[in-house]
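To start, the structure itself, in structure tokens.
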Amino acid sequence: MMTVPTSLAQATYSGANRALLLATLAFSACFSVWTLYAVMGITLRQQLTLSATEYGVLLAAPILTGAVFRLPIGMLADRLGARKLWLLQMLAVIPALLLLPFADSFSSYLLLGLWFGISGVSFSLGVRYVSQWFASSRQGRALGLFGIGNAGVAITFVLVPLAIEYAGWQWVGPIYAAGMLVISLLFALLAPAEPVQLQSRSDKKNLQHLYSDSRIWRFSLYYYFVFGSFLALLLWLPQYYMQAYSMDEQQAMAFTLFFAATSSMVRALGGWFADRYGGRAVNWSVFWVCIVCLFFLSYPPTTLVIHGLQKDVHLEISINVWWFTLLIFIIGVAQGFGRASIYKVLHDYYPHHMGSAGGFVAAIGALGGCTLPILFGVAQDVLGIVTGCFMILYGVLALCMITMFFANQAAQYQQKLAAARSDNFLLDDSDALNCEDK
């Protein structure tokens with residue numbers, strides 16, 4: 001087990017609040033760039049006449065790059081520090097945004113999406129940067145407040161339609177490039193340097209121990225659901241509302257914005273609950289809430305005909321838009337709690353390796369945002385059922401709950417076994433000596 005000395009783990013450093021504020025601002029800006037296709041994708045699907053599967057691939061392109069690079073960048077942050085790497089990452093996405101007006105085909109939009117998708121690594125860098133400043137007892141709240149940066153998607157849902165209406169489609173990329181440049185300058189000038197005493201080199205032995213630990217794989221699976229499905233839903237919901245409930249694009253964007261903003265804002269509250277009641281208890285509660293909601297969301301609109309004695313009885317089974325929105329809202333809030341609590345638990349186990357451990361978990365979670373939209377599209381094309389996306393999420397969550405249940409059972413068994421061994425398996429000292437003599 002890799003631990004940090006108690007004196008370091010319990011310290012909160014001067015400048016911590018300023019570091020948290022700047023990190024949250026930078027993460028919000030990067031997240032808004034990372035989810036740019038959530039809004040642009042609807043228009044692009046119509047312009048390029050994409051199938052549901054092709055649309056899912058387009059949405060997944062930026063998410064894929066952010067997911068793949070989260071782990072290596074997180075490991076570099078443990079070795080070199082997160083602040084400089086984060087600044088370089090923000091500057092690196094600006095050329096891709098400037099080239100966006102010149103894209104004119106499906107392949108060109110995919111390539112540019114992969115390029116500016118590196119903005120997704122900002123989470124790994126931010127977790128490493130923020131976690132260094134705060135004591136262990138405040139990690140849940142600090143990382144929860146940092147996670148509010150997920151609400152940066154609200155910038156995309158508001159800014160992109162305004163930019164298209166008042167400036168034109170071709171100005172979306174340059175406007176975002178200018179905003180990213182401003183944020184980069186603010187971060188470079190105002191974000192404090194990292195505490196020197198917490199910067200350490202991670203040797204190969206420590207990394208091997210880290211990734212051979214089964215717990216980090218379980219945390220990654222949980223994060224695949226609570227973050228990956230959140231990311232997939234905010235990308236997929238606009239067109240879902242338009243298909244299932246015949247909304248126009250503006251209405252669909254407004255409902256999706258409500259889901260994304262509320263799920264992001266409650267993350268700080270989820271961190272507080274994790275500090276107070278424990279991350280595992282919060283995670284288990286989150287999973288139960290989500291699986292109940294997904295059970296109802298997975299059921300497709302159905303018409304039943306009951307042949308009675310006198311006449312046939314027709315039953316319509318479906319969820320109207322308001323019940324649907326309520327269930328999605330509950331899932332979003334639960335996911336916000338889950339994202340905060342998982343990183344609280346992660347810090348309890350790997351306080352000195354939040355760059356590499358956090359990067360690994362974040363990468364697997366982001367892969368959910370990459371793979372799930374593609375699976376949503378395939379399910380819709382193959383099954384022809386609009387609720388196929390929620391069937392997939394139900395299956396993923398069931399796997400998470402089964403894994404967590406057996407992991408908790410194994411942990412309880414090991415605790416009881418350790419207690420029995422400490423009591424010499426319930427034998428007193430004289431009996432133990434007699435057994436040894438025999």
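All values below were derived from every heavy atom in this structure, side-chain atoms included, with hydrogens, water molecules and symmetry-related copies excluded. Counting begins at 1 with the first residue of the sequence.
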With the side chain counted from C-beta on, respond yes when [X] and [Y] share a heavy-atom pair under 4.5 Å apart, and no when they do not.
{"X": "Leu372", "Y": "Leu375", "answer": "yes"}
{"X": "Leu346", "Y": "Val127", "answer": "no"}
{"X": "Phe295", "Y": "Phe390", "answer": "no"}
{"X": "Trp169", "Y": "Pro101", "answer": "no"}
{"X": "Met391", "Y": "Ile385", "answer": "yes"}
{"X": "Leu233", "Y": "Leu393", "answer": "yes"}
{"X": "Trp288", "Y": "Trp284", "answer": "yes"}
{"X": "Phe69", "Y": "Ser124", "answer": "no"}

Quick check for you: to the nearest 0.5 Å, what is the distance between [X] atom [atom1] and [Y] atom [atom2]?
{"X": "Met40", "Y": "Leu59", "atom1": "CE", "atom2": "CG", "result": "11.5 Å"}
{"X": "Leu221", "Y": "Leu397", "atom1": "CG", "atom2": "CG", "result": "9.5 Å"}
{"X": "Ile42", "Y": "Tyr55", "atom1": "CD1", "atom2": "OH", "result": "5.0 Å"}
{"X": "Thr387", "Y": "Tyr394", "atom1": "OG1", "atom2": "OH", "result": "13.5 Å"}
{"X": "Leu112", "Y": "Leu100", "atom1": "CG", "atom2": "CG", "result": "6.0 Å"}
{"X": "Arg83", "Y": "Leu88", "atom1": "CZ", "atom2": "CG", "result": "11.0 Å"}

Just jot down the side chain to side chain donor-acceptor pair (under 3.5 Å) partners of [X], sequence neighbours excluded, or say none.
{"X": "Ser341", "answer": "Asn283"}
{"X": "Thr53", "answer": "Asp381"}
{"X": "Gln243", "answer": "Gln380"}
{"X": "Thr156", "answer": "Tyr176"}

Minimum heavy-atom distance [X]-[Y], with the two atoms named:
{"X": "Met404", "Y": "Tyr222", "answer": "CA-OH, 3.1 Å"}
{"X": "Leu114", "Y": "Thr65", "answer": "O-OG1, 2.7 Å"}
{"X": "Pro174", "Y": "Leu98", "answer": "CA-CD2, 4.1 Å"}
{"X": "Ala163", "Y": "Ile175", "answer": "CB-CD1, 3.8 Å"}
{"X": "Ser122", "Y": "Phe27", "answer": "OG-CD1, 3.4 Å"}
{"X": "Ile63", "Y": "Gly369", "answer": "CG2-C, 3.4 Å"}

Applying side chain to side chain contact (heavy atoms under 4.5 Å, CB included) to Val172 and Leu36, what does each step give before you reach the verdict?
CA-CA 10 Å; Val172 172; Leu36 193 57; 4.3 Å; yes
Which pairs count as side-chain hydrogen bond (donor to acceptor under 3.5 Å, both in side chains) when at least one residue sits in residues 246-258, sequence neighbours excluded?
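Listed by first then second residue: nothing to list.
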Sequence neighbours excluded, every pair satisfying side-chain hydrogen bond (donor to acceptor under 3.5 Å, both in side chains) that has a member inside residues 22-49:
Arg45-Gln239
Begin from the C-alpha positions of Leu231 and Phe31 and carry the test side chain to side chain contact (heavy atoms under 4.5 Å, CB included) through to its verdict.
CA-CA 11 Å; Leu231 195 56; Phe31 200 84; 3.8 Å; yes
Quick one, Gln89 with Ile73, criterion side chain to side chain contact (heavy atoms under 4.5 Å, CB included). Give me CA distance, side-chain angles, the key distance, then yes/no.
CA-CA 10 Å; Gln89 174 259 296; Ile73 294 299; over 6 Å; no
Taking atom CE of Met401 as the centre, report whether more than 12 heavy atoms of other residues, nucleotides or ligands fall under 6.0 Å from it.
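Counting neighbours around CE of Met401, more than 12 heavy atoms of other residues, nucleotides or ligands fall under 6.0 Å, so yes.
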With a 6.0 Å cut-off (strictly less than), is the heavy-atom count around CH2 of Trp171, excluding the residue itself, greater than 12?
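Atom CH2 in Trp171 is not packed in, count stays at 12 or less.
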Side chain to side chain contact (heavy atoms under 4.5 Å, CB included) against [X], all qualifying residues, sequence neighbours excluded:
{"X": "Tyr299", "answer": "Thr302, Ile317"}
{"X": "Ser105", "answer": "Ser107, Ser108"}
{"X": "Cys389", "answer": "Trp236, Tyr240, Phe376"}

Test side chain to side chain contact (heavy atoms under 4.5 Å, CB included) on Met180 and Cys30; report intermediate values, then the result.
CA-CA 8 Å; Met180 185 58 69; Cys30 291; 4.3 Å; yes
In this structure, is the centre-to-centre distance between the rings of Phe405 and Phe287 below 6.0 Å?
no
Can we call the ring centroids of Trp217 and Phe360 under 6.0 Å apart?
yes
Tell me which donor-acceptor pairs under 3.5 Å the side chains of residues 332-340 have, and how far apart each pair is, sequence neighbours excluded?
unit_1: Gln335; atom_1: NE2; unit_2: Ser229; atom_2: OG; d: 2.6
unit_1: Arg339; atom_1: NE; unit_2: Asn150; atom_2: OD1; d: 3.4
unit_1: Arg339; atom_1: NH1; unit_2: Val226; atom_2: O; d: 3.4
unit_1: Arg339; atom_1: NH1; unit_2: Ser263; atom_2: OG; d: 3.4
unit_1: Arg339; atom_1: NH2; unit_2: Ser263; atom_2: O; d: 3.1
unit_1: Arg339; atom_1: NH2; unit_2: Ser263; atom_2: OG; d: 3.2

Any pair with a residue in residues 246-265 that passes ring-ring contact (aromatic ring centres under 6.0 Å, His included), sequence neighbours left out, goes on the list, sorted by first then second residue, please.
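As it turns out, the ring-ring contact (aromatic ring centres under 6.0 Å, His included) pairs with a partner in residues 246-265, which skip direct neighbours, are Phe230-Phe259, Tyr241-Phe255, Phe255-Trp322, Phe258-Phe329.
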How far apart are the C-alpha atoms of Tyr224 and Thr371, what are their side-chain angles, what is the distance that settles it, and do they pass the side-chain hydrogen bond (donor to acceptor under 3.5 Å, both in side chains) test?
CA-CA 10 Å; Tyr224 182 92; Thr371 56; 2.7 Å; yes
Phe296: which residues meet the ring-ring contact (aromatic ring centres under 6.0 Å, His included) condition with it, sequence neighbours left out?
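With neighbours one apart ignored, the set is empty.
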